[in-house]
**Student:** 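This is the structure I want to talk about, given as structure tokens.
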Amino acid sequence: MPQTMTEKILAQHLREGKLERGTEIGIRMDHCLTQDSTGTMAWLEFEALGIDKVRAELAVSYSDHTSLGFKGESTDDHIFLQTIASHYGAKFSKNGNGVCHQIHYERFGVPGKTLIGSDSHTPTAGGLGMLGIGAGGMDVAVCMGGGPFYLTVPKMLKIVLTGKLSPNVGAKDVALEVLRRITVKGGVGYFLEFVGPGLKTLSVPERATITNMGAESGATSSIFPSDDVTKAFLKMQGREKDWRELSPDQGAVYDKEITIDLATVKPLVAMPGMPDNVFDIDQVAGTKIDQVFIGSCTNGSYQDLKIVAEMLKGKKVSTDIDVIVSPGSRQAWEMLMEDGSFLELTKAGVRMIEPGCNACIGIGFVPGTNHLSLRTVNRNWKGRGGNEDGKLALCGPQVAAASALKGVIADPRELPAPKVKVDHLTVDDYLILEPQGPKVEIRRAPNIVPLGNQRPLPPVLKGEALLKVGDGISTDAILPAGPLTQHLRSNLPETSKFTFHYDDKTFAARAAEKGGGFIVGGDNYGQGSSREHAALAPWKLGITAVLAKSFARIHRANLVNMGILPMTCNTDLIDQGDQLEIDVSKLTPDLVVKNLTKGTTVPAKQDLSEREKAMLRAGGLLAYTAQGH
Ligand code: F3S
């Protein structure tokens with residue numbers, strides 16, 4: 001039977017179940033990745049499993065989100081992560097080395113292998129032909145301990161690329177074109193596979209930009225073939241021996257197919273609100289901006305930044321705005337130093353910021369009140385820039401460079417297109433530390449607070465619909481990123497006080513006072529970041545079930561891992577403040593929500609596997625694993 005690329009990799013890693021679309025399987029994860037935002041909890045959860053050392057082939061703990069250590073608690077977290085990784089057998093990528101996803105495909109990624117990461121942009125590795133899947137920290141902890149990762153085999157969406165990009169149009173424009181076509185919900189339940197004659201014109205970093213933003217469609221993962229382009233990239237990384245060929249079989253079966261002629265792709269901008277709020281450049285050119293941020297795991301490659309340096313060479317950015325460049329990795333940073341680009345960017349008036357996430361997660365470079373910040377990052381939801389009022393628009397490096405010169409959104413096709421060809425890369429792994437083993441003492445500051453015991457799901461759930469929210473609620477909305485919480489990620493009692501901070505500042509106090517209850521959501525509840533804290537914090541506040549019209553994959557899994565029941569129903573029939581009662585003693589697929597306030601009943605559904613039901617009855621993944629599963 002002919003197979004897609006994803007099916008080939010899944011088949012080679014299958015540990016439990018049958019490889020049929022729509023069924024649950026368990027697969028072996030070769031590589032595991034954590035970062036400092038979600039990693040402290042993931043490592044505390046790993047410890048709670050009682051496993052003596054990392055058993056996965058490779059685990060890397062990255063410190064990137066708050067690499068500038070904006071609070072003492074963040075610095076404490078970094079020391080905890082460095083020592084616990086070393087103790088249990090994981091490599092540690094230190095502050096300043098760059099963003100996990102870019103470093104992983106540059107220095108560790110292997111075509112045909114699997115990678116799980118406690119970050120939703122783990123599919124970035126698909127640019128190299130590696131199957132990367134984002135998950136909650138608990139799932140990553142289990143995989144680091146050698147356990148399988150469970151997923152429902154998704155459907156396959158084939159994206160055929162033909163033609164060649166026009167001058168000053170880039171891979172980010174392709175990623176935005178995909179989102180414009182399939183929306184932020186169109187990838188839910190799918191793997192995206194990129195094929196076709198056009199892909200040979202795209203480098204690995206360009207492919208990684210596209211797989212990175214596949215996460216914004218809700219897709220489980222995105223992948224490109226591994227071909228001569230991949231081989232050449234691995235050779236530049238000094239890792240040619242890691243190359244292997246990967247392509248779909250002739251006649252492989254896909255559930256859907258779209259074609260994108262690269263020659264017709266225009267420079268695009270996703271205006272504030274959602275990554276699929278995409279406009280042609282001519283529709284938004286001239287819009288006043290206040291900031292430009294170029295970098296992140298989406299567009300922080302040397303190739304991206306070299307293009308920007310060439311476009312700004314001998315020119316000056318507008319002094320009406322602030323412009324920063326933050327490379328995705330130290331490799332990119334050193335290359336910019338070596339070839340003189342760093343100096344060109346500095347002379348143009350660009351501020352150079354160390355490799356890492358920082359501004360992308362709202363740590364520094366926070367937009368002012370009602371300011372518009374143009375960024376080459378992947379997300380533009382409310383609050384993502386670190387405050388409620390700042391607005392974010394997304395674009396590629398070419399649009400960002402042209403706009404930085406004018407101080408308004410500008411069409412890069414009005415400028416000469418630089419010819420950038422990367423034919424060598426400098427390798428320097430000095431800031432990637434090898435593990436030293438159990439002799440290393442794990443250093444814990446007071447801010448590192450263990451999770452606590454998970455509670456079994458009671459037979460009857462009773463309480464108030466504490467909060468009702470609309471469609472597309474992201475994990476950023478449930479538990480904000482940025483300076484409010486980023487230093488409290490290892491301290492759940494404190495973090496949970498910020499739950500739904502932007503939508504309802506009274507929620508956390510009300511939930512705590514009432515001893516918990518229910519959250520009522522709309523479509524695609526929990527989209528976006530893999531942020532496990534968006535499940536941990538409601539759990540800490542006593543939430544026992546979330547009722548929504550539909551759930552995003554990673555968040556649904558995180559809820560179950562924390563013993564919170566995800567249920568779907570027509571939430572239009574429930575209002576905030578209603579008292580609800582649900583008999584979940586049998587956990588049948590069809591459930592009934594009794595609305596005690598309205599005197600009505602609402603039919604509801606749950607789609608838990610037998611394994612997930614057992615987890616909920618135990619109280620969550622940690623409690624279930626402690627039972628010997
Ligand atoms: Fe970091 Fe932003 Fe990527 S927070 S992992 S650079 S999406």
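Start at 1 and go down the list; that is how both ligands and their atoms are numbered.
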**Student:** Distance below 2.8 Å from atom 3 (Fe) of ligand 1: how many protein N/O/S atoms qualify?
**Tutor:** 1
**Student:** Between Ser37 and Arg489, is there a side-chain donor-acceptor contact under 3.5 Å, judged purely by atom types and distance?
**Tutor:** yes
**Student:** At their closest point, which heavy atom of Ala404 faces which heavy atom of Val323, and how far apart are they?
**Tutor:** CB-CG2, 3.9 Å
**Student:** Please determine, by modelled atom types, if Gln102 and Ser329 share a side-chain donor-acceptor pair under 3.5 angstrom.
**Tutor:** yes
**Student:** Can you find a side-chain donor-acceptor pair between Gln331 and Arg107 that sits under 3.5 Å?
**Tutor:** no
**Student:** Pick out which of Ser63, Ser67, Ser74 makes a side chain to side chain donor-acceptor pair (under 3.5 Å) with Asn95.
**Tutor:** Ser63
**Student:** Looking at ligand 1, does Arg384 have a heavy atom less than 4.0 Å from it?
**Tutor:** yes
**Student:** For the side-chain contact (heavy atoms from CB on, under 4.5 Å) test, which of Leu484, Leu536, Thr499 pairs with Leu479?
**Tutor:** Thr499
